[in-house]
Amino acid sequence: MTGTITRRFVMLVVTAAVAPLLVFGLLAISSLDSRTRASVVATNQNAADRAAEEINLYVSRNARMLQAVAADLQHTRLERWQQERILRNYVLAFPELREVTLFDGASLPIASSRLGESQLVPETRDAPLMGGVSVAPIDLDDDLLPRTRMTLPLKPAGSPASALVADLTLEELWHIVDRVRLGQQGFAWVVGRDGRLIAHGNPDEKPRIARGERVEGHPLLANASGQAAARGAVERVDASGRRLVSVAAPVPRLAWTIVVEQPVAEAFAPAWRLRRQLVTAVTLALFTTILLGALWGRAFIRPIFALMRGTEALAQGRLDTRVRIERTDEFKKLGDAFNAMADRLTELQQATIRHAQQAMFGRIAAGLVHDLSHPVQNISNNCKLMLKMHEDSEYRATFERTVMREFRSIQRVFEDLRNLARPIPLERFPVDVNRALLDVTERMTSGFETAGVSLELDLADDPVYIEGDLFALGRVLRNLVMNAIQATAPGGRITLASDASGGRARIEVRDTGCGIPADRLGAIFEDFVTTKRRGLGLGLAISKKIVEELGGTIQVTSEVGRGSTFVLEFPAIAAVAITPLSDEDLHDGKAASAIEVEGVGRTSGAR
Amino acid sequence: MVGVVGCSRTNRPAEAHAGPVVLRVGYADPQPTASPDVGLNVVVSIFSDARLVTLTRDGRPGPGLAASWETSSDHLTWRFHLRPGLSFHDGAPLTASSVRRWLVQALDRPGPRPPGLRDIASVEANGPTDLVVRLRRPSSLLLEALSFQPVVSERTDRNGAGPFLLEKRRARAAALVAFDAYYQGRPAIDRVELQVYPRPRAAWAALLRGEIDFLYDVAPEALSFLEHASTVQVRTLLRQYVYMLGFNVRHAALGQSEVRRALNHAIDRQRIVDHLLGGHGVAASGPVWPLHWAFDPRIRPYAYDTARAQVLLRTIQPRTAPGARPGSGPAVTFSCLVPAGYPRLERLALLVQQQLLEVGVDMAIEVLPERELRGRLVAGHFDAYLLDMAGLGLSLPYWFWRSGSGESAPFVKSGYAAADAALDGVRHARGDRELESAVHELQKVLRDDPPGLFLYWGELARAVSSRFEIPSDRERDILGAIASWRLAPGAERATAQPLSDSFVER
């Protein structure tokens with residue numbers, strides 16, 4: 001019952017609080033993960049797109065600058081020194097311009113920004129970028145800075161100029177790439193159309209540029225031979241085993257690809273931190289809920305448990321049990337009602353006990369009066385006669401016998417009372433129950449005759465041995481036979497039977513008397529309970545005690561008006577030869593002391 | 001783009017915690033047209049030579065082979081006390097007698113000598129460790145001169161007393177090993193391998209590929225990209241070379257002090273530093289090293305003031321043509337010699353040309369091969385020239401700017417003699433106070449009557465692999481303390497390689 005209430009309460013807490021919290025936590029974590037990943041990819045992609053656009057603008061700006069130089073030189077009929085001054089002014093105005101040289105159709109320099117010999121040659125194989133300007137693959141200059149060469153073919157009418165070539169340092173390209181920083185370890189890098197690394201934001205990776213390394217096996221560049229890779233995002237593991245979030249963006253027209261990579265550990269660190277916090281919060285909430293639920297539930301269930309324990313205690317007769325519920329709600333009222341009920345029950349019990357004690361005392365007193373009055377009256381009467389007939393020696397002998405007999409009767413009453421309060425001393429010897437039954441009938445023959453009741457013996461053919469005290473067993477049988485005689489009206493019949501089967505010895509005392517009402521049948525073996533109008537009612541209680549001390553059982557069946565049957569059962573023992581006891585021995589309660597040969601005995605088949 | 005000559009120098013297998021500690025040094029020859037010997041000799045000397053005295057970055061002399069010295073009250077007798085137990089690389093004892101023989105040999109050597117040596121009258125050895133130098137006149141430049149001259153055995157130039165001794169030498173490579181008896185203690189590095197690269201890029205690439213551990217000189221442009229790399233330590237310091245445009249004062253217009261001052265006002269030095277060096281330099285006020293202890297920072301560079309320049313230019317006398325043009329057109333025209341093969345100098349020339357043009361001065365640029373340019377300078381056949389001039393100590397400014405005095409011909413025959421007295425004052429100053437005053441006077445003269453346009457002092461950077469621990473003092477050139485470099489704990493050791501004159505360019 002307790003378990004059920006607790007289980008139900010736990011189920012209530014789980015259903016109402018824990019499960020929703022868990023579901024919320026799982027949904028929140030799942031949502032956080034997916035949103036964070038999308039956000040990281042979007043942020044990194046944004047950075048890559050912006051950098052790609054910046055690079056594109058930067059290169060386009062230089063291409064436009066070259067077009068502007070060409071516009072300044074074409075169709076102006078300038079002298080060489082004037083052209084050179086223009087070229088040199090451009091070089092000074094734009095630091096990324098290392099050299100600009102105007103070539104003729106034979107690829108010989110016409111005018112150059114260089115004071116010395118031009119270091120450039122026109123290259124027509126470079127891919128056109130915009131407005132006819134072509135861009136050579138990225139190279140590194142002596143200072144290890146990236147540089148390229150832009151060539152603008154010219155078609156001037158009436159002029160020997162055929163191409164304008166610029167040597168550009170792309171230092172700004174590196175700056176653009178260097179500026180892309182994501183956290184502490186997120187960098188950008190750029191690969192050219194041939195897959196060669198041309199810029200890297202990580203200072204420690206720049207040696208790869210110096211080594212002219214090509215990027216191979218990158219999932220975003222796998223199909224990018226000569227073509228910039230499309231925008232995209234993947235997760236990959238680098239050579240050092242780090243897991244990276246990698247996004248790519250093409251640089252329009254240049255067939256370059258900018259890749260932005262950041263270690264997953266760093267990219268998702270805020271999300272993981274949030275997730276840890278969320279898990280912690282949900283866990284704390286769960287524990288708090290469970291703790292509060294347990295505390296509250298315990299507080300809720302405790303009075304129920306207290307009431308249950310109180311009820312069980314009352315049921316077990318501990319009427320002094322009270323419940324203590326220190327609350328102000330309905331449980332408090334319930335507890336008060338329980339205590340009031342217990343108080344009332346205690347009062348009722350005490351009253352009952354008092355009544356029972358008074359009744360018992362009355363019955364004991366009446367029984368004592370009944371059991372003692374007759375011997376006392378006999379002794380008194382004989383004493384009065386003794387005053388008159390003390391000279392008569394015959395009477396004195398009669399007086400002695402009578403008084404001694406009555407004293408023995410009084411002594412037996414006292415003995416019964418004492419036996420109730422202490423163990424009955426028993427001496428165990430093999431006893432033939434048939435013999436015991438025969439002894440009793442012999443002794444009580446006058447009783448049967450006086451009561452006008454016939455006796456019937458239905459004994460087993462063979463001796464039925466039990467380990468018992470012959471005197472004590474005789475007393476039990478006498479008591480049962482006496483009760484049967486008293487309960488049976490003249491003309492009735494009393495049957496004494498014995499039997500042995502299944503290792504058990506069975507004795508039955510049946511009468512055709514008035515019977516015992518069913519409502520009193522269960523109490524007839526209790527002390528001071530009797531169906532007779534007078535007497536202490538100790539006979540059956542003592543009988544039951546003796547039988548049980550001998551290891552047997554005593555039961556009764558009865559029907560009012562039809563009679564009663566008392567059944568005694570004892571563990572049977574093997575048949576033994578015994579020395580018959582004398583009457584004195586039986587009378588004094590001494591048992592046979594000599595066990596003879598097993599299997600030899602006497603059959604008593606009197607009926 | 002792979003050019004291979006002969007066998008290659010590739011990544012060397014590293015051997016952890018075994019074998020000698022090898023420092024592999026890369027050197028990009030700054031003078032591609034000159035003999036590679038020139039550059040390599042300079043670097044070899046840094047590693048292998050020892051001087052009688054040393055010179056700190058602020059121009060103060062410090063102990064070298066000589067532990068101490070004193071001078072007489074008339075500053076004409078100097079007594080140097082050598083460290084006991086010194087020896088040359090070949091094991092021969094380095095005594096006062098051997099130093100005397102070395103010094104006498106240096107004095108007798110034909111050709112220009114540092115001014116500090118020109119005043120020496122005699123040299124005597126007084127016992128095994130005491131050297132007495134007697135002067136004709138007091139000289140504040142004697143110690144500087146001694147700090148420039150490596151002490152070598154009379155038997156061979158290569159037998160010095162520096163931290164490393166030359167083991168092998170090729171045209172473009174050299175190997176040195178630690179000198180056990182070096183007076184500052186045996187270096188922690190066992191072996192130094194020098195390799196000359198034809199271009200800075202090749203040297204840089206070698207460093208980044210891990211083929212060398214130390215790059216002698218790094219271009220300022222590359223600094224911002226590599227100074228944050230964890231595999232390389234980059235140290236920057238001001239280079240002791242002043243970039244300048246010198247004038248021939250025999251030129252009609254340039255001979256006028258007002259014109260020279262006007263031209264100085266026309267130059268925006270900071271813009272040049274920013275444009276050309278990305279800010280890695282400082283504007284120059286003259287040829288005196290700005291970190292020299294006697295330098296007077298109150299003598300400021302000319303302020304960039306085109307209005308003032310134009311006012312000054314209006315005072316010139318047009319009759320002094322052919323340099324000056326009356327009426328319309330540029331107020332002054334002249335040509336400037338620029339050595340060929342130096343793109344940075346070319347760009348500097350263009351910047352100066354552009355800035356001068358803004359105040360009406362037309363500077364033509366004449367690019368010449370270096371040898372031809374030097375000939376023109378010595379002969380005085382020029383209007384102006386653009387060079388970077390060594391500014392170490394005070395001896396070099398004296399040597400460069402002192403007009404001919406009979407002791408030696410001037411390096412540049414510019415006709416400029418306005419600073420002679422001030423330069424002599426510096427040369428013969430007695431004691432620090434006199435020298436400080438003389439330097440102030442020199443700075444003032446060179447500023448008030450400038451012989452040219454002193455433009456800037458550029459920065460120098462050295463890059464060292466993180467495998468090595470280098471001195472933490474950022475005010476010193478790390479090369480000056482090469483003996484104290486050591487392999488970082490746990491760093492791998494490179495294995496020694498046979499010398500090669502070839503290289504692989506990737």
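Below, chains carry the letters A, B, ... as their sequence lines are ordered, and counting in each starts from 1.
- Only the side chain of B/I365 comes within contact range of chain A, judged by heavy atoms closer than 4.5 Å.
- In this structure, A/R114 contributes its side chain and B/E346 its backbone to no donor-acceptor pair below 3.5 Å.
- The CG atom of A/L115 sits 11.0 Å away from atom CG of B/L368, with the distance rounded to the nearest 0.5 Å.
- The part of B/Q353 that comes within reach of chain A is its side chain, from C-beta onward, which places non-hydrogen atoms under 4.5 angstrom from that chain.
- Around atom CZ of A/R214, more than 12 heavy atoms belonging to other residues, nucleotides or ligands sit under 6.0 Å away.
- In this structure, CZ in B/R347 is found 7.5 Å from CG in A/L97, a value given to the nearest 0.5 Å.
- For A/S113, the part sitting under 4.5 Å from any heavy atom of chain B is the backbone (N, CA, C, O) and nothing else.
- When the ring pair (Phe, Tyr, Trp, His ring centres under 6.0 Å) test is applied to A/F103, no partner is found at least two apart in sequence or on another chain.
- A/N202 CG to B/S230 OG: the interatomic distance, rounded to the nearest 0.5 Å, is 7.5 Å.
- For A/Y90, the side-chain hydrogen bond (donor to acceptor under 3.5 Å, both in side chains) partners are A/D72, not counting sequence neighbours.
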Q.
Quick one, A/R85 with B/Q354, criterion side-chain contact (heavy atoms from CB on, under 4.5 Å). Give me CA distance, side-chain angles, the key distance, then yes/no.
A. CA-CA 9 Å; A/R85 179 143 294 183; B/Q354 189 184 51; over 6 Å; no
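- Residue B/A206 does not touch chain A at all, counting heavy-atom pairs closer than 4.5 Å.
- Around atom OH of B/Y241, no more than 12 heavy atoms belonging to other residues, nucleotides or ligands sit under 6.0 Å away.
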